[in-house]
Amino acid sequence: MPELPEVETIKREIEPFVVGRTIEGVEIKDHRNIKGISPEQFKNKLIGQKFKSLTRQAKYMLFELASGNYLTIHLGMTGRLLFEPDNYVKVIFNLSGKKDLYFSDARLFGKIRFFNEKPDLKLGPEPLQKEFTVEYFKNALAKRNTAIKVLLLDQKLLAGVGNIYANEALFRAGINPHRKASSLSDIETKRLHKSIEEVLAEAIKYRGTSDSWYVDAKGEKGEFQLHLRVYGKKNKPCPKCGTIIKREAMGQRGTFFCEHCQK
DNA sequence: ACCTAAACCTGGGCGC
DNA sequence: TGCGCCCAGGTTTAGG
C-alpha cells in the first residue's frame, strides 16, 4: 500500500520521464479509476497537453500541465505507475517520444482526477516539511480522545502516513497504539514526532515497503519490508525484547505492537 | 466538531 | 485441482 515513501520513490523515477512530454493519447481499459468526469471528457481534456512539472503532496502525485490544468493520481491500495505494463493496467498515457506510462490498479481504489487549476487537496502538514513542528503536533493531539494510532492515519492532521508507518513509528517511540492522543506527555509527543520523521526518511532511503503489492515505476520491489519491526509480525518475537507481537484491529485496520515495549 | 463504522474493490491465501 | 470463504486498507460517506 503506497504511503509517502512509496509515492516519493515513484515520483522521483517518473518526474524526468514525463516532464516536457506531450500526452498524445489516453487508453482507458477501465474507467472506474477516473473520478468526476466521463472517460471521453477525460481524454479530450488531456490529449495535446504537455507536462510542466510533477510534485508529490502526501500520497498524491500532482502533475502540472503547461496550460495550468492539473492531473492528480492517488494510488490507493494497489495502484502502480509503470514504465512497462503488468496484468492490471487500467489507463495508458501515450507520451511524445513514443513513451508510454501505465497506470495499473488491481483493486480499483486508486483515483485519477482532472482539475482546471491547482487543487486544494485538503491535507494537513506533512512530516519532513517544516510546517510539521513538535508544537503543531502537540496542539493537534491535545483534547483528542481518539487512540493515537487512529489519529496518525488522519490525513487532515498529518498527511502521508498510512498503516505501515503508523505502526512502525509507534513502536519506535515506545507508545502503545491504544493510548488516547491527549494522554501523551510532551516527551512522548516529541519522541513520536521524531520517530515519524525517521521512519519515513529511512523508508524513502530503502525505496519503500514491498509488503504486498507495491513496486516502483520499473516494477522493482523496495527493501524497507526487511526493516519492519512490528508491521505484519503477528505472533513473532519483538526485535527488542522477544515478547510476542500482538495484532488487533483498530479503526478497522491491522494494528501490530509489543505490549512490553509500548506503554 | 468529534467519533465510529460501513462501503468501495478483487487478487491471493487458506481450508477443505 | 478447484471451489468458497475471508482478508488486505486509503479514502469517502453516512450517521450518531
Side-chain angles (χ1 to χ4, degrees), chain A residues 1-11 28-37 56-62 72-82 85-91 103-113 115 119-124 126-127 139-170 177-183 196 200 203 208-215 219 221 224-225 228 230-235 245-257:
Chain A
M1 48 237 81
E3 305 178 29
L4 189 155
E6 290 75 28
V7 179
E8 177 66 20
T9 302
I10 295 171
K11 181 259 173 186
I28 300 172
K29 307 283 187 192
D30 191 320
H31 65 88
R32 287 176 290 176
N33 290 108
I34 297 166
K35 305 296 178 182
I37 189 172
R56 178 190 59 72
Q57 281 185 29
K59 304 173 194 173
Y60 291 84
M61 268 175 283
L62 196 59
T72 61
I73 296 184
H74 190 295
L75 298 173
M77 284 278 299
T78 57
R80 295 169 171 170
L81 271 176
L82 300 163
D86 66 5
N87 292 334
Y88 315 100
V89 169
K90 309 297 181 196
V91 181
F103 173 82
S104 147
D105 190 7
R107 289 183 201 164
L108 297 168
F109 274 34
K111 292 180 173 65
I112 303 178
R113 286 181 200 272
F115 295 91
D120 175 9
L121 299 174
K122 301 191 167 67
L123 299 167
E126 61 175 273
N139 289 331
L141 300 187
K143 297 180 200 161
R144 297 298 298 266
N145 278 318
T146 312
I148 184 63
K149 160 70 195 314
V150 175
L151 269 198
L152 290 182
L153 301 176
D154 181 347
Q155 303 297 301
K156 287 188 176 63
L157 190 140
L158 167 69
V161 172
N163 201 36
I164 293 175
Y165 301 113
N167 280 290
E168 292 295 310
L170 285 166
H178 291 285
R179 288 277 299 283
K180 282 189 178 187
S182 58
S183 78
I196 291 166
L200 293 176
T209 301
S210 291
D211 181 64
S212 55
W213 285 83
Y214 169 72
V215 293
K221 292 184 173 191
F224 196 70
Q225 65 277 10
L228 295 173
V230 288
Y231 180 82
K233 307 292 186 189
K234 181 185 172 183
N235 294 337
I245 300 292
K246 273 199 159 186
R247 181 201 180 279
E248 290 175 16
M250 287 183 66
Q252 303 160 298
R253 296 292 172 266
T255 302
F256 302 86
F257 63 105

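Residue numbers start from 1 in every chain, and the chains themselves are labelled A, B, ... in the order their sequence lines are given, proteins ahead of strands. Worth saying up front: this structure is predicted, and the values here are computed from it rather than measured.
- Closest approach of A/A58 and A/L123 over heavy atoms only: CB-CD1, 3.9 Å.
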**OP:** Going 5' to 3' through nucleotides 8-16 of chain C, assign each nucleotide B (protein heavy atom under 4.0 Å from a base atom), S (under 4.0 Å only from sugar-phosphate atoms) or - (no protein heavy atom that close).
**Re:** BBBB-----
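- Ring geometry for A/H178 versus A/F257: interplanar angle over 60°, hence perpendicular rather than tilted (30 to 60°).
- Protein atom CD1 of A/I34 is 17 Å distant from nucleotide atom C1' of B/dC8, rounded to whole Å.
- Overall, the helix from B/dC2-C/dG16 to B/dC16-C/dG2 carries an axis bend of 40° between its ends, with five pairs at each end and the value rounded to 10°.
- Each of A/V150 and A/W213 was matched to the nucleotide of DNA chain B holding its nearest heavy atom; the match closer to the 5' end belongs to A/V150.
- Where A/A147 and A/K35 each meet DNA chain B at their nearest nucleotide, the meeting point lying more 5' is that of A/A147.
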**OP:** Kindly indicate, with the supporting measurements, whether the criterion side-chain contact (heavy atoms from CB on, under 4.5 Å) is fulfilled by A/F224 and A/D211.
**Re:** CA-CA 9 Å; A/F224 196 70; A/D211 181 64; over 6 Å; no
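- Computed from coordinates, the A/Y88 OH to B/dG11 P distance equals 7 Å when rounded to whole Å.
- Annotation: side chain of A/E168 is in contact with side chain of A/V230 (closest heavy-atom distance under 4.5 Å).
- Within a 6.0 Å sphere centred on NZ of A/K11, other residues, nucleotides and ligands contribute more than 12 heavy atoms.
- In this structure, A/I112 places its CD1 atom 15 Å from P of B/dC9, rounding to the nearest Å.
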Original post:
Step by step, would you call A/H74 with A/N33 a side-chain contact (heavy atoms from CB on, under 4.5 Å)?
Top reply: CA-CA 10 Å; A/H74 190 295; A/N33 290 108; over 6 Å; no
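- With hydrogens and angles ignored, the 3.5 Å screen pairs no side-chain donor or acceptor of A/Q155 with any backbone N or O of A/G124.
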Subject >> Verdict with supporting geometry, A/E126 and A/R56, salt bridge (Lys or Arg N to Asp or Glu O under 4.0 Å) >> reply: CA-CA 11 Å; A/E126 61 175 273; A/R56 178 190 59 72; 2.9 Å; yes
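- Spacing between atom CG of A/D211 and atom C1' of B/dG11 amounts to 15 Å, rounded to whole angstrom units.
- Among the heavy atoms of the strands lying under 4.0 Å from A/N145 are primed sugar atoms or P, OP1, OP2 only; no base atom is included.
- A 6.0 Å sphere centred on NZ of A/K35 holds more than 12 heavy atoms belonging to other residues, nucleotides or ligands.
- Separating the NZ atom of A/K180 from the C1' atom of B/dT4 is a distance of 14 Å, rounded to the nearest angstrom.
- Taking every side-chain heavy atom of A/R144 into account, B/dC2 is the closest of B/dC9, B/dG12, B/dC2.
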